[in-house]
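Counting starts at 1 for both ligands and their atoms, following the listed order.
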Amino acid sequence: MPELPEVETTVRGLERVLDGRRIARVEVRRPDIRRPLPEDLGQRLTGARVTGLRRRAKYGLIDTDRGDTLVFHLGMSGRWRVDPSKIEKHDHVVLETDDGRRVALNDPRRFGSVDLVDTGELPDWPAFAALGPEPLDISAKQLRDRLKGRNAPIKGLLLDQSVIAGLGNIYVCEALHRSGIRPTRPGGSISLPRLERLATAIQDVLAEAIAAGGSTLRDFASPDGELGYFSKRFAVYDREGKACDCGGTVWRIVQGGRSTFFCPACQR
Ligand SMILES: [Zn+2]
């Protein structure tokens with residue numbers, strides 16, 4: 001499943017193709033992905049110039065000079081293909097630029113989404129209105145304010161999009177491990193110095209993954225270049241029973257229906 005670093009890398013890859021270009025042609029190849037595509041998607045995008053690309057939480061944003069922003073979510077299996085040699089069955093939306101480049105949103109399982117939102121109204125768009133701060137910018141004090149009085153385990157609170165936006169299971173497990181915090185600890189009981197380490201760990205694990213994904217960007221000039229997935233190496237995630245760097249053993253528990261991986265020897 002694409003997490004925040006994949007979305008960030010996807011946005012940067014699309015930026016190389018789309019930023020500043022006029023969208024010459026839009027092909028909408030089915031009426032819905034997870035939910036219906038905007039009926040006027042082709043009409044509103046065709047002829048528009050792309051003025052910038054951004055990410056918010058796990059959404060990619062493509063701004064146009066018509067005051068519209070295309071907002072995409074990759075769901076479980078979505079990816080953008082750059083300059084595909086041929087259009088495939090699961091390419092649901094295809095954009096062609098005025099200089100003849102093509103990008104196709106491919107999503108076999110169709111858990112993703114595409115919306116067209118008035119750029120000025122984005123902060124109030126329902127999916128964005130309740131989002132917490134961006135994990136790449138969050139400070140320990142912001143974390144403290146949002147965790148104050150919360151007795152729920154820190155693991156689940158970090159997955160709560162209103163506490164911090166766009167942080168998925170993998171990076172929550174990794175950041176808690178790196179900051180030495182046990183996932184079951186009540187969120188409101190963690191001291192500010194430990195939250196400082198947590199904020200730094202969140203930023204570091206994400207930045208490292210983005211950098212690793214960025215190294216795959218050079219391949220995107222080739223036909224069928226696919227944006228969105230890259231291999232990663234984790235310290236605890238999906239490593240149940242394996243050795244932690246501290247000499248301990250990685251455990252798996254289930255919290256809120258999701259697997260949590262942690263090391264009881266170095267996470268307190
Ligand atoms: Zn350990």
### Task
Check whether any side-chain N or O of Asp115 sits under 3.5 Å from a backbone N or O of Val117 as a donor-acceptor pair, and report yes or no.
no
### Query
Is the closest side-chain donor-acceptor distance between Asp63 and Thr69 under 3.5 Å?
yes
### Task
For the pair His92 (side chain) and Asp107 (backbone), establish whether a donor and an acceptor sit closer than 3.5 Å, ignoring hydrogens and angles.
yes
### Query
Does Arg239 use its side chain to pair, donor to acceptor, with the backbone of Ala243 at less than 3.5 Å?
yes
### Query
Got a donor-acceptor contact below 3.5 angstrom from the Asp65 side chain to the Arg49 backbone?
yes
### Message
Listing by chain and number, which protein N, O or S atoms are under 2.8 Å from the Zn ion (ligand 1)?
### Response
Cys244 SG, Cys246 SG, Cys263 SG, Cys266 SG
### Message
I'd like to know if Arg56 and Glu134 make a salt bridge, using a cut-off of under 4.0 Å between side-chain N and carboxylate O.
### Response
yes
